[in-house]
Amino acid sequence: MKKYSLHLAAILGSVLFLSGCGDQNGKESSNGALASNNAEKVYVAPGEHDEFYAFMSGGYSGNVAVYGLPSGRMFKEIPVFSQFPTNGYGYSEETKPMLETSFGFIPADDSHHPDISQTNGELDGRWLFINGNNTPRIARIDLKTFETAEIIEVPNSAGNHSSSYITENSEYVVAGTRFSVPIPQRDMPIKDYKGNFKGALSFISVEPETGNMDIKFQLIMPGFNYDLSHPGRGKSHGWFFFTTYNTEEANSLLEVNASQNDKDFIAAVNWKKIEEYVENGGGTMVPANYTHNVYSDETHSATSTMKKEVLTVDPTKVPGAIFFMPTPKSPHGVDVNPTGDYIIGNGKLSADLTVFSFDKMIAAIDGKKYDGEAYGLPILKFEDVLAGQVKSGGLGPLHTEFDGKGNAYTTFFISSEVVKWKVGTWEVIDRKPTYYSVGHCMIPGGNSRKPFGKYLVSMNKITKDRYLPTGPELEHSAQLYDISGDKMELIYDFPTHGEPHYAAAIPASILAPKSQKIYKLAENEHPFATKNVSDARVVRDGNVVHVYMAMIRSHFTPDNIEGIKVGDKVYFHITNHEQDFDVPHGFMMIGQKNSGLLIMPGQTKTSVWEPKQEGVWPFYCTDFCSALHQEMQGYVRVSPAKSNIDLSWSLGE
């Protein structure tokens with residue numbers, strides 16, 4: 001009897017264990033450990049691919065990092081505003097012009113807000129735009145190659161923060177100034193800020209076929225701080241919305257002095273009306289120095305052009321173009337829902353979300369229901385444009401994204417949470433904690449008319465105990481939520497590089513068919529390309545030497561060079577002859593005072609070397625390319641400056 005009881009107890013224990021963990025077919029029970037095991041939701045098996053590509057700004061890295069969702073794997077860092085020794089961006093002669101500005105060569109910046117090009121309000125996967133915040137610039141990344149194709153500097157601006165959001169047919173990308181400054185810049189007392197400093201809102205046109213950018217016009221606005229922006233869409237297409245803070249126009253201790261007003265503004269800009277004004281000859285062309293840097297896939301080289309003037313518009317000269325909507329309090333984010341019906345203002349110092357109705361805004365404008373003006377621009381009455389308020393109970397609302405199912409998701413910085421609410425009823429549906437101090441959130445396509453409402457990523461400012469300590473500096477943390485059901489479910493977190501502010505994500509299925517695998521060697525128009533091995537040579541012009549070099553698995557042509565002298569300036573123009581996908585080659589030279597090169601199949605890149613010492617100095621391939629990678633090397637003989645040794649080069653001798 002005793003043995004029977006023990007046997008029965010063992011069976012019951014096994015049944016309870018299995019019922020808690022799931023049955024033998026792998027089905028989860030509602031109470032077991034597997035019910036909270038989300039590893040399967042984010043696991044991407046070897047050889048399989050992530051569903052989405054997420055482009056996260058690098059903040060103070062100045063670049064963009066590409067992550068897979070749901071895996072959280074980092075695929076690539078795209079150099080944009082910062083030198084990048086991994087592939088020589090900003091170091092090679094071909095890419096140095098990308099980092100030229102009116103201030104000279106600037107090798108770093110602070111990148112914040114990426115946005116993907118759209119057609120009819122839907123992501124089309126052609127280009128990614130990203131802002132340089134410190135030295136005001138907008139960059140365009142070609143999503144065929146995942147390389148920076150163009151950078152335009154923004155004059156009359158400082159702290160290019162309310163950028164780089166685009167209109168729903170990619171007509172314009174905007175660049176709004178965070179810091180108002182004297183326009184034109186001049187020496188003046190800072191205490192004279194109020195009424196004298198101005199904020200520039202730049203509308204940069206995007207050529208529909210090539211993506212090439214040009215500053216169409218700049219609005220010279222009152223001297224507030226312009227924080228973030230979003231375009232109208234659907235019924236509100238043709239409008240752009242910018243948050244402002246520091247409507248007090250304070251210039252010192254802003255945490256106190258710029259928080260006095262109960263309400264600041266959302267500036268509603270009718271860009272179509274201003275566009276019409278400009279096309280009819282309106283606006284004033286003023287002197288301005290700014291660079292326009294363009295990279296060519298044909299020449300594998302960038303050019304930098306200094307522009308000398310820009311068209312400015314005084315908004316008071318365009319009646320009906322700009323209106324202010326009072327918004328509590330010190331608003332940060334401004335967001336527009338997929339249909340374009342509602343504009344959401346997120347006041348950093350307000351516990352509630354303010355939602356404005358586009359229809360009510362138009363009615364108030366038509367009825368001239370104004371509540372005064374600011375510097376000649378009408379202020380709409382708060383009650384006349386208000387659609388409702390989300391009584392969230394959270395603290396520090398910042399940013400809102402949408403899932404395309406009628407729901408919105410807002411981040412709260414102080415209470416460290418994401419709150420889900422219903423558009424139209426303003427009812428809070430769900431809330432989930434983040435770790436810690438969340439900034440932006442992102443839903444793939446959440447900034448478009450067609451969101452892909454499967455995942456939400458929160459980008460958090462503080463990491464604390466999420467990862468093992470690695471000294472005082474930790475990578476930032478991102479949280480991945482499954483939002484496909486009624487309730488949000490935290491399924492993963494992963495570290496992110498730099499300080500991501502915002503991100504933009506798109507289905508991989510849109511990008512993959514357009515991906516460029518190689519550069520065709522026959523189409524290489526680089527002026528120093530060596531397209532045939534027989535053309536490899538070394539040419540002297542005074543103390544400048546040009547080495548025309550080819551590379552292929554697993555040798556350089558030439559691989560031995562003599563006749564170089566101390567004091568020469570040697571340009572290695574190296575062409576990768578591979579025409580097979582994913583076979584780059586690298587190049588490094590001992591004593592080279594810049595980065596090495598990473599050269600893609602069919603591409604030409606240039607590195608400069610200035611030998612300071614006599615001797616025989618090696619160069620080699622840095623990218624492991626074949627079983628005989630170690631054998632991929634060569635030598636340069638450096639002789640005294642006054643030597644008479646002739647240039648010679650060879651392969652296999």
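If you check the side chains of E153 and T135, you find no donor sitting under 3.5 Å from an acceptor. In summary, the side chains of E631 and H555 do not present any donor paired with an acceptor at a separation below 3.5 Å, with no hydrogens or angles considered. When only modelled atom types and interatomic distance are considered, S304 and N293 share a side-chain donor-acceptor pair under 3.5 Å. In this model, a donor atom of one side chain and an acceptor atom of the other lie less than 3.5 Å apart for S626 and S554. Counting only N and O atoms by type, the side chains of T119 and D124 include a donor and acceptor under 3.5 Å apart. Using modelled atom types and a 3.5 Å distance limit, the side chains of H501 and H440 yield no donor-acceptor pair. Between the side chains of N447 and D115, at least one donor-acceptor pair of N or O atoms lies under 3.5 Å. Between the side chains of D142 and T145, no donor-acceptor pair is found at a separation under 3.5 Å. Neither side chain, S162 nor S229, offers a donor N or O lying under 3.5 Å from an acceptor on the other. With 3.5 Å as the limit, one finds no donor-acceptor pair spanning the side chains of S607 and E93. For the residue pair D493/Q479, the side-chain donor-acceptor check at 3.5 Å is satisfied. With no hydrogens or angles considered, no side-chain donor-acceptor pair links D559 and S650 at under 3.5 Å. A donor-acceptor contact under 3.5 angstrom links the side chains of D110 and H112, judged on distance only.
Between the side chain of T463 and the backbone N or O of R466 there is no donor-acceptor pair closer than 3.5 Å. The main-chain N or O of H476 is found under 3.5 Å from a side-chain atom of T496 such that the two form a donor-acceptor pair. Not one N or O on the side chain of K308 forms a donor-acceptor pair closer than 3.5 Å with the backbone of P287. The backbone N or O of Y290 lies less than 3.5 Å from no partner atom in the side chain of S102, so there is not a single donor-acceptor pair. Not one N or O on the side chain of R126 forms a donor-acceptor pair closer than 3.5 Å with the backbone of I116. Between the side chain of Q579 and the backbone N or O of Y519, at least one donor-acceptor pair lies under 3.5 Å. Side-chain atoms of N560 never come within 3.5 Å of backbone atoms of W649 as a donor-acceptor pair (strictly under, hydrogens ignored). Judged by distance alone, with hydrogens and angles left aside, the side-chain atoms of E298 form no donor-acceptor pair with the main-chain N or O of N524 at under 3.5 Å. With hydrogens and angles disregarded, no donor-acceptor distance shorter than 3.5 Å links the side chain of N131 to the backbone of I138. A donor-acceptor pair under 3.5 Å is absent between the side-chain atoms of E94 and the main chain of S301, judged by distance alone.
Ring geometry, H573 versus Y548: the interplanar angle falls from 30° to 60°, so the pair is classed tilted. Aromatic ring orientation, H161 versus H113: perpendicular (interplanar angle above 60°, classes split at 30° and 60°). Taking the six-membered ring where tryptophan is involved, the planes of Y172 and F203 are perpendicular, since the angle between them exceeds 60° and thus also 30°.
Across all their heavy atoms, A529 and T604 have their closest contact at CB-OG1, 3.6 Å. The shortest heavy-atom contact between T530 and D535 is CG2-C, 3.9 Å. Across every non-hydrogen atom of P618 and V616, the tightest pair is CD-O, 4.0 Å. Across A536 and P558, no two heavy atoms sit closer than the pair CB-CD, 4.2 Å. Heavy atoms only, all atoms of each residue included: I152 and D214 are closest at CD1-CA, 4.1 Å. A508 approaches P513 most closely through the heavy-atom pair O-CD, 4.4 Å.
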Identify every side-chain donor-acceptor pair in residues 68-80 under 3.5 Å, counting partners at least two apart or on other chains, and give the distances.
unit_1	atom_1	unit_2	atom_2	d
S71	OG	D50	OD1	3.0
S71	OG	D50	OD2	2.8
S71	OG	R73	N	3.1
S71	OG	R73	NE	3.0
R73	NE	D50	OD2	3.3
R73	NH2	D50	OD2	2.7
E77	OE2	N63	ND2	3.2

With a 3.5 Å cut-off and sequence neighbours excluded, list the donor-acceptor pairs that the side chains of residues 583-591 form with protein atoms.
unit_1	atom_1	unit_2	atom_2	d
H585	NE2	E578	OE2	2.9

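By the 4.5 Å heavy-atom criterion applied to side chains, Y295 and E150 are not counted as neighbours. Between N460 and Y436, the closest side-chain pair of non-hydrogen atoms is not below 4.5 Å. Contact of the L521 side chain with the T575 side chain is registered, since non-hydrogen atoms from C-beta on lie closer than 4.5 Å. For the pair Y455 and L480, the minimum side-chain heavy-atom distance is below 4.5 Å. In this structure the side chain of I564 reaches within 4.5 angstrom of the side chain of V545, judged on heavy atoms. Between Y571 and F528 the shortest side-chain heavy-atom distance does not fall below 4.5 Å. Using a 4.5 Å heavy-atom threshold, the side chains of P507 and E51 count as separate. In this structure, Q603 and I574 have side chains that are not in contact, with every pair of non-hydrogen atoms separated by 4.5 Å or more.
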(message) Would E614 and S639 count as a side-chain contact (heavy atoms from CB on, under 4.5 Å) here? Give the steps.
(response) CA-CA 5 Å; E614 301 165 20; S639 302; over 6 Å; no
(request) For the pair E499 and K461, evaluate salt bridge (charged side-chain N to carboxylate O under 4.0 Å, His left out) and give the outcome as yes or no after the intermediate values. (result) CA-CA 7 Å; E499 185 196 359; K461 299 300 182 186; 3.2 Å; yes
(request) Might you work through the side chain to side chain donor-acceptor pair (under 3.5 Å) test for Y502 and E401, ending with a clear yes or no? (result) CA-CA 11 Å; Y502 186 50; E401 291 270 296; 2.8 Å; yes
(request) For the pair F494 and Y67, evaluate ring pair (Phe, Tyr, Trp, His ring centres under 6.0 Å) and give the outcome as yes or no after the intermediate values. (result) CA-CA 10 Å; F494 55 96; Y67 292 82; 5.7 Å; yes
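With rounding to the nearest 0.5 angstrom, the OG1 atom of T95 is 13.0 Å from the NE2 atom of H300. A distance of 9.0 Å separates OH in Y467 from CD in E475, rounded to the nearest 0.5 Å. Atoms OG and CE, on S111 and M56 in that order, are 12.5 Å from each other to the nearest 0.5 Å. In this structure, D227 CG and N225 CG are separated by 7.5 Å, a value rounded to the nearest 0.5 Å. Rounded to the nearest 0.5 angstrom, K531 NZ and E523 CD are separated by 8.5 Å. For the atom pair CZ of R140 and OG1 of T148, the computed distance is 10.0 Å after rounding to the nearest 0.5 Å.
Remark: S202 engages Q218 in a side-chain hydrogen bond (donor to acceptor under 3.5 Å, both in side chains) (not counting sequence neighbours).
Between D568 and R540 there is a salt bridge, with a side-chain nitrogen of the basic residue lying less than 4.0 Å from a carboxylate oxygen of the acidic one. Salt-bridge annotation for K569 and D541: absent, with no side-chain N of the basic residue lying under 4.0 Å from a carboxylate O of the acidic one.
Within 6.0 Å of CZ on F452 lie more than 12 heavy atoms contributed by other residues, nucleotides or ligands. Within 6.0 Å of NZ in K517 there are more than 12 heavy atoms belonging to other residues, nucleotides or ligands.
Ring-centre distance between F556 and Y635: not below the 6.0 Å cut-off.
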